[in-house]
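For reference, the structure discussed in these notes is given below.
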Amino acid sequence: MTARRTVIRGGMVLDAEGRAALRDLLIEDGRIVAIDNPGLGVADDAEVLSAFDRLLIPGLISAHTHSHGALNRGAVNDKVSLEMFLTGAGASARSRGVDDKYLSAALSAAEMIRKGCTACFDLTVEFPEPSREGISAVARAYRDAGMRAVVAPMIADRTIYQALPGLLEALPDDLRSHCAGLSAAPIEQTFSACRDILANWEFDRRWIRPALGPTIPLHCSDQFLIDCAHLAREHDVPLQTHLAESRAQAAIGLTRYGKSLVGHLQELDFLSERLSAAHAVWLDDDDISRLGQSGVRVAHNPSSNLRLGSGVAPVRKMLENGIAVGVGTDASNTSDGQNMFEATRLASYLSRIDGFATDEWLSAGEAFHLATEGSAKVLGFEKIGRLARGYEADIVFLRLDSPHFVPLRSPLIQMVFGENGASVHTVMIGGRIVFHDAKLLTLDESLLRRQAQEAANRLDQANAGTYASAATVAQLVGAFCAAQGCTGHALPRKLKLACEG
Ligand SMILES: [Zn+2]
């Protein structure tokens, strides 16, 4: 069989150093095999694609998202902190059938592609426990969309009421007995589903891979975390968890374990190159150094951290400690979309809020590097995230007649700081065009829209009671967490001292 060849001519190609120049690219069987000056000689059978007046960049990679959030857009109120969100999060995944799980992932994938994102790490939750058919439905949605993804069942063995010591006692009597009666899925059931998922993976791992997502350390017993790490090693898959995302988590971690969350995870031998930590906001210097020494990767989620008021992750310090950092959007119900251009810009802007030490700011080039090659490390894919020979042909074509590229001086800076996804003209993933001229070619978006509205109406009705009680509890949980001895924008070190003293 002869190789499928495509030559892309006349585009301005952004290289790994952030320089843009007119180049031709030759693609064979989905991979870039040559990048050269215009006029690259190719075999007669190669398909020719014009990229005239386009900036070609590697597809952005979301290091952290939750596809189940797409069907829940608009269901999370304004002014909700992480723990308030988590109180109602159970409702969000309830009552869903396999078709709903597919639909939510398809909606998420469609938006990612539209916004120039070609791969993601998806922690997906099912209620009451993960299932092979549910995770397969999510993976199928990515396959049908033509994206790459790592799909991990998001799991725990504690409810939020069991996870946060003192919370139940802080609730009024009637709510306390209700909340105390809630429980997570039995551990054996959760692990047997995970084993089934990992042992029977039916998708091409060049495109879609499995992983495990023990959701939040406080929500997992020590044995649960140990078993997760063991299972991940056994099947050679990555792990991702939400680490020290909120100030309350960090403070309660100190109370529960007598040491930081990172210190506790290290003691459990949970830190490794297999692990990525989403958020990682409330860390001190020791924590960061331990993460660096253990090879843990970090998924930075600036838009979600802002939306939920979680704080600002110390990304510069992570980089100084040799940590591979990627960028993610988080779910569509915690950052209101899957816009990786926005997340990348915010990663850079947010690094500047602390003062005038401009050397410590993340440059446009650094932020872009995190959102491509950094995120690729979080996903564990070696050959994505850059336009270079031997890499997968995951390429986003941006229109250079968009206002923020006129006049054109610095394609990199103008793209990172000015692009919002509106200039995405064509998206190629593995050599296949999945989006072209404002149209998604792999999924029927008008059908998805009809199905989404129908599903939202049905699920809102089915979950109305759960949402109502969650809304009441959320206010109390928010007040409890705010009172964890550490109000205000405390630095981690001060937080530690305040909580210990
Ligand atoms: Zn998350």
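Atoms within a ligand are numbered from 1 in the order they appear, just like the ligands themselves.
Checked against the Zn ion (ligand 1), the N, O or S atom of D330 at the shortest distance is OD1. The Zn ion (ligand 1) is closest to atom NE2 of H242 (considering only N, O or S atoms). Within H64, the N, O or S atom at minimum distance from the Zn ion (ligand 1) carries the name NE2.
If you run side chain to side chain donor-acceptor pair (under 3.5 Å) between S304 and each of N333, D330, T329, only D330 comes through. L198 pairs with exactly one of I135, D236, L231 by the side-chain contact (heavy atoms from CB on, under 4.5 Å) rule, that one being L231.
R94 forms no cation-pi arrangement with Y467, by the criterion of a distance under 6.0 Å to the ring centre and an angle within 45° of the ring axis.
Between H219 and H242, the distance from one ring center to the other does not fall under 6.0 angstrom.
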